[in-house]
Amino acid sequence: MSELPARSCGASVRAGYAARVQVRPCLKDYSVEALRERLGSEGWRPYRAEQIAHWLYARGVESSDAMTDLSREDRERLDAEWELHALRIERVDRSRDGTIKAVLRGVDSARIESVLIPEDRRTTLCLSTQVGCGMACSFCATGAMGFTRNLGTAEIVDQFCRMRSLLSADRQITNVVFMGMGEPLLNRAAVEEAIRIFLHPKAFALAPRRVTVSTVGVVPQIAPLLENVPVNLAVSLHASSDAVRERLVPLNRSYPLDALLGSLRDCPRVTRRRPVFFEYTLIDGVNDGLEDARRLPGLLKGIPCKLNLIPMNPHPAVPYRPPPPARIERFLGELVAGGLTVTLRRSRGPDIAAACGQLALSAAGSKAP
Ligand code: SAH
């Protein structure tokens, strides 16, 4: 092909290597509405967009051969003009507890990780939104990698398709959390377009309450996200004072607690029916004191919310440890006494480094396939 498409698999593929790696646009970069428009403008019947989305996402087919309600000409044209996939699986690790972690590679060979967490009746997919992360949170292994690039919509959506193929036939993905590598709100356009595909009834048809976007606290992007897509919001809090939060989350210097919590208090999309899920990674001797637990209820006053405690998952790239269990219990008890709704997140997949904050890849020595 002589000409580069306006959008390509991994919409954020930069010009430098776009010419090398990308020749055709990828179907998974387009919401159903956007695909309908583009196909229509190229002389296709616009309803083909719904049909193709149904095959790719609801039925999970891997090639156009299976799209039996398209004519042979249309299938040939699809193959000639479009890319169907954006990622390939490089490596899969299965934990004793059922958690599955995969290393996936983009068309430019960039590596990301996704994690599947099967529980009783639900199966949660934890997605990445960037290659690495620029937020440099001091306790997070991904943070130690630094930032390489944003993922495109197709690369976010294809994580769902690829990871689904690793599940046994009796299981399906019921929940999606944007809690893998990267900061979703610094890649908001691609994240929102992917969410439109997750929610579309002809595509993955997930209910909005089954999709959660987690942010470190990029304040100006929070309200626009919630205006555009009706998902759950999780916010990485991790401290009860600016002094401690700055040590853990450098972005706190730009958006301190006052600004972050004030914006949530004022956000019309945060309601009792749609509370904020605050994540609080408990780190031994850093943010696990009783004074922290006592400050939090007042700090969060006026924000419909739940607090999710995550005992620090240790990683060679970072110096912190989880508190001993008795200290965690005490912290939790104090929060409950203060009137907060609190849950304690069990660590999943620690034997395959799949737990929160352990997604690191090359920074800590990438495992060869
Ligand atoms: N950048 C987004 C998405 C990452 S979500 C965010 O920060 O919210 C991953 C969650 O796991 C975040 O709350 C993050 O702070 C937390 N986390 C990171 N490293 C961790 C670790 N080593 N142990 C426990 N939780 C960790």
Side-chain angles (χ1 to χ4, degrees), residues 99 101 112-115 117 124-147 150-151 156 159 175-188 190-191 194-195 211-219 221-222 225 231-239 244-252 254-255 260 264 276-284 286-288 305-323 328 331 343-350 352-361 363-364:
T99 302
K101 179 174 83 170
I112 53 162
E113 291 183 340
S114 307
V115 180
I117 308 152
T124 301
L125 170 63
C126 181
L127 289 178
S128 294
T129 55
Q130 299 181 320
V131 181
C133 184
M135 297 292 90
C137 297
S138 58
F139 55 98
C140 178
T142 311
M145 291 174 67
F147 173 76
N150 276 333
L151 296 184
I156 298 172
Q159 289 176 67
N175 294 67
V176 170
V177 296
F178 287 81
M179 295 186 183
M181 304 170 120
E183 170 46 47
L185 289 192
L186 293 180
N187 188 13
R188 185 163 63 82
V191 165
I195 290 171
V211 178
T212 302
V213 174
S214 178
T215 179
V216 70
V218 188
V219 169
Q221 304 297 332
I222 291 176
L225 172 89
V231 291
N232 298 316
L233 178 72
V235 172
S236 293
L237 185 62
H238 307 320
V244 174
R245 193 161 190 270
E246 263 173 31
R247 271 175 66 196
L248 300 176
V249 179
L251 190 73
N252 194 73
S254 308
Y255 306 112
L260 174 61
L264 297 172
V276 176
F277 297 90
F278 285 108
E279 294 151 291
Y280 196 103
T281 296
L282 275 170
I283 306 174
D284 195 24
V286 175
N287 62 359
D288 60 344
C305 66
K306 295 181 177 173
L307 193 71
N308 194 206
L309 297 177
I310 315 167
M312 168 77 202
N313 292 306
H315 193 282
V318 296
Y320 302 117
R321 317 285 316 165
I328 296 176
F331 194 87
T343 52
L344 182 63
R345 191 183 292 177
R346 253 182 329 136
S347 179
R348 296 292 305 258
I352 56 167
C356 295
Q358 294 187 322
L359 305 184
L361 291 163

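All ligand and atom numbering here is 1-based and tracks the order in the structure.
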**Q** Between ligand 1 and the protein, find all N/O pairs closer than 3.5 Å and give the distance for each.
**A**
unit_1, atom_1, unit_2, atom_2, d
ligand 1, 1 (N), Gly182, O, 3.0
ligand 1, 1 (N), Glu183, OE1, 3.0
ligand 1, 7 (O), Ser236, OG, 3.3
ligand 1, 8 (O), Ser214, OG, 2.6
ligand 1, 8 (O), Thr215, O, 3.4
ligand 1, 8 (O), Ser236, OG, 2.6
ligand 1, 13 (O), Ser236, OG, 2.7
ligand 1, 13 (O), Glu279, OE2, 3.3
ligand 1, 15 (O), His238, NE2, 2.6
ligand 1, 22 (N), Phe139, O, 3.2
ligand 1, 22 (N), Asn313, O, 3.0
ligand 1, 23 (N), Asn313, N, 2.9
ligand 1, 23 (N), Cys356, O, 3.3
ligand 1, 25 (N), Thr281, OG1, 3.1

**Q** Can you check side-chain hydrogen bond (donor to acceptor under 3.5 Å, both in side chains) on Asn187 and Thr129, steps first, answer last?
**A** CA-CA 7 Å; Asn187 188 13; Thr129 55; 5.3 Å; no

**Q** For Ser128, enumerate each residue passing the side chain to side chain donor-acceptor pair (under 3.5 Å) test, keeping only those at least two apart in sequence or located in another chain.
**A** none

**Q** Within the distance-only criterion (no hydrogens, no angle test), does the side chain of Arg245 pair as donor or acceptor with the backbone N or O of Leu237 below 3.5 angstrom?
**A** yes

**Q** Taking it one step at a time, do Gln221 and Thr215 satisfy side-chain hydrogen bond (donor to acceptor under 3.5 Å, both in side chains)?
**A** CA-CA 10 Å; Gln221 304 297 332; Thr215 179; over 6 Å; no

**Q** Going by ring pair (Phe, Tyr, Trp, His ring centres under 6.0 Å), name the residues that satisfy it together with Phe331, two or more places apart in sequence or in a different chain.
**A** Tyr280

**Q** Using the test side chain to side chain donor-acceptor pair (under 3.5 Å), find all partners of Arg247 that sit at least two apart in sequence or belong to another chain.
**A** none

